[in-house]
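Reading through the structure tokens given below for one structure.
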There are 2 protein chains.
Amino acid sequence: MLPEEEIPKHSAEACQNSISAVKDALYVLNGKWKLPVIAALMDGAMRFNELQHALEGITPKVLSKELRELELNELVTRQVFATVPVTVSYELTDYSKSLNSVLTSLRLWGYQHREHIIASRRMKIKHAG
Amino acid sequence: MLPEEEIPKHSAEACQNSISAVKDALYVLNGKWKLPVIAALMDGAMRFNELQHALEGITPKVLSKELRELELNELVTRQVFATVPVTVSYELTDYSKSLNSVLTSLRLWGYQHREHIIASRRMKIKHAG
DNA sequence: CTGCATCCCTTAGGATACTG
DNA sequence: CAGTATCCTAAGGGATGCAG
């Protein structure tokens, strides 16, 4: 990780800078599927169908769109193999691999509080019904 | 942090569990503003207008909605003081305070890669134009 | 297998103005 | 100060079917 570039936090703007950094990150990672896709690819390259199966619940259209956006932002690379039928492999870049610590803590949080989250889901359903 | 409850990662389902945990977390944190709001409140309670100013760009209607959702999911508490005019204070719960490590890494990532992210913004504009 | 095309509905979220 | 009300557009996202 090298010289550890830190966020300056000395003035009253520290809070503001922090928020901006979060907003910036979210600009690229926003949406229901971006982080799950990256999480899935953390363990290595995957093909389109593998991804669709691993993500459970995403439709091909949406997955396709997510992958295009991620590729555009250089968070994943796309590689086509001229087999019959064609296979396409998606892989993380160094850029997105650096999201590892984010995903690790997010994953842990989601796991530790899954009961609480499930309660939220129920509440929403009750609220809607 | 106590006995460090870890995510089991031994079988082929490890990857699946990881993805589910990320999806679960995102279920509650989804959207453009949830995490920025929590980030803003990390340094202590804030009033509605303080929040709106700190977040830069959020409208009262959207902020109000985000706060209601966060309160419903027990990520923030809302406290009304019967002053004239009335003041309302929002504060994190222990539950959302445990997102600190998530926000720390996300913030750092956003800060370190801000140039890359800005490039994405430009690309999107060019793509749209 | 890997998508794209089309249709359609829901939700997110911004602008503006107004109220207790 | 702390929101609501109203209006509106863009984006999200599911279903189904087709194509290289």
Side-chain angles (χ1 to χ4, degrees), chain A residues 19 22-23 26-37 40-41 45-73 76-91 120-121 123-125 127-129, chain B residues 23 26-38 40-41 45-73 76-91 120-121 123-129:
Chain A
I19 295 172
V22 172
K23 281 165 64 180
L26 254 39
Y27 177 80
V28 172
L29 303 175
N30 200 357
K32 186 177 175 180
W33 293 109
K34 296 273 191 316
L35 283 172
V37 167
L41 292 174
M46 293 180 81
R47 286 179 300 104
F48 189 89
N49 263 13
E50 287 179 316
L51 270 173
Q52 186 180 1
H53 181 256
L55 291 171
E56 260 182 18
I58 194 170
T59 59
K61 174 193 143 185
V62 173
L63 177 56
S64 170
K65 185 193 157 208
E66 297 291 320
L67 286 169
R68 252 183 287 124
E69 291 174 2
L70 288 170
E71 191 189 1
L72 189 67
N73 293 339
V76 310
T77 56
R78 181 178 184 273
Q79 213 175 345
V80 183
F81 298 97
T83 53
V84 181
V86 63
T87 63
V88 182
S89 175
Y90 293 92
E91 197 169 5
S120 294
R121 233 184 284 260
M123 198 176 305
K124 183 169 185 180
I125 292 168
H127 196 73
Chain B
K23 280 165 65 179
L26 254 38
Y27 176 80
V28 171
L29 304 175
N30 203 354
K32 186 177 175 179
W33 294 108
K34 296 273 190 316
L35 283 172
V37 167
I38 294 171
L41 291 174
M46 293 181 80
R47 287 178 297 104
F48 189 90
N49 265 11
E50 288 178 316
L51 269 172
Q52 186 180 0
H53 180 255
L55 290 170
E56 260 182 17
I58 193 169
T59 61
K61 175 195 142 181
V62 172
L63 177 56
S64 171
K65 184 193 159 205
E66 297 291 320
L67 286 169
R68 253 182 285 125
E69 291 175 1
L70 288 170
E71 191 190 0
L72 189 68
N73 293 340
V76 309
T77 57
R78 181 178 183 273
Q79 213 174 345
V80 183
F81 298 97
T83 54
V84 180
V86 64
T87 61
V88 182
S89 176
Y90 293 92
E91 197 169 5
S120 294
R121 233 185 283 263
M123 198 176 303
K124 184 168 185 181
I125 291 168
K126 194 163 67 180
H127 196 72

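Quick note on labels: first sequence line is chain A, next is B, and so on, each numbered from 1.
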| request: Go through dG3(D), dG3(C), dA2(D) for me and flag the one nearest to the Tyr90(A) side chain. | output: dG3(C)
| message | Nearest whole Å is fine: how far is dG3(D) C1' from Phe81(B) CZ? | response | 17 Å
| Can you tell me if the side-chain N/O atoms of Arg78(B) get under 4.0 Å from OP1 or OP2 in dG3(D)? | yes
| message | Working to the nearest 0.5 angstrom, can you tell me the gap between Ser89(B) OG and Leu41(B) CG? | response | 8.5 Å
| query | Among all residues two or more places apart in sequence or in another chain, which pass the side chain to side chain donor-acceptor pair (under 3.5 Å) test with Glu69(A)? | reply | Lys34(A)
| query | Asn49(A) CG to dC1(C) C1': how many Å, rounded? | reply | 6 Å
| query | What's the closest nucleotide to the Ser64(A) side chain, out of dC1(C), dC4(C), dA2(D)? | reply | dC4(C)
| field | With sequence neighbours excluded, residues passing salt bridge (charged side-chain N to carboxylate O under 4.0 Å, His left out) with Lys32(A) | value | none
| request: Answer yes or no: does a side-chain N or O of Arg47(A) lie under 4.0 Å from OP1 or OP2 of dC1(C)? | output: no
| Could you give the distance from OG1 (Thr87(A)) to CZ (Arg47(A)), rounded to the nearest 0.5 Å? | 6.5 Å
| query | From Arg78(B) CZ over to Leu70(B) CG, what is the distance, rounded to the nearest 0.5 angstrom? | reply | 13.0 Å
| To the nearest angstrom, how far is Leu70(B) atom CG from dG3(D) atom C1'? | 16 Å
| remark: Side-chain atoms of Thr87(B) come closest, of dG3(C), dC1(D), dT2(C), to dC1(D)
| request: Any chance you could list the contact pattern along nucleotides 12-20 of chain D? Use B for base contacts, S for sugar-phosphate-only contacts and - for none, protein heavy atoms under 4.0 Å, 5' to 3'. | output: SBBB-----
| said: Return the CG to NZ distance between Asn30(B) and Lys23(B), rounded to the nearest 0.5 Å. | reply: 12.5 Å
| task | Write down the distance between CG (Leu35(B)) and P (dA12(C)), rounded to a whole number of angstrom. | result | 15 Å
| Looking at Arg68(A), does any N or O in its side chain come under 4.0 Å of the phosphate oxygens OP1/OP2 on dC4(C)? | yes
| request: Could you check if a side-chain atom of Leu67(A) sits within less than 4.5 angstrom of a side-chain atom of Phe48(A), using non-hydrogen atoms only? | output: yes
| task | Could you tell me the separation between the CG atom of Leu51(A) and the C1' atom of dC1(C), rounded to a whole number of Å? | result | 13 Å
| said: Between P on dG3(C) and NE2 on His53(A), what's the gap in Å once rounded to a whole number? | reply: 18 Å
| query | Separation of Leu67(A) atom CG from dT2(C) atom P, in whole Å? | reply | 11 Å
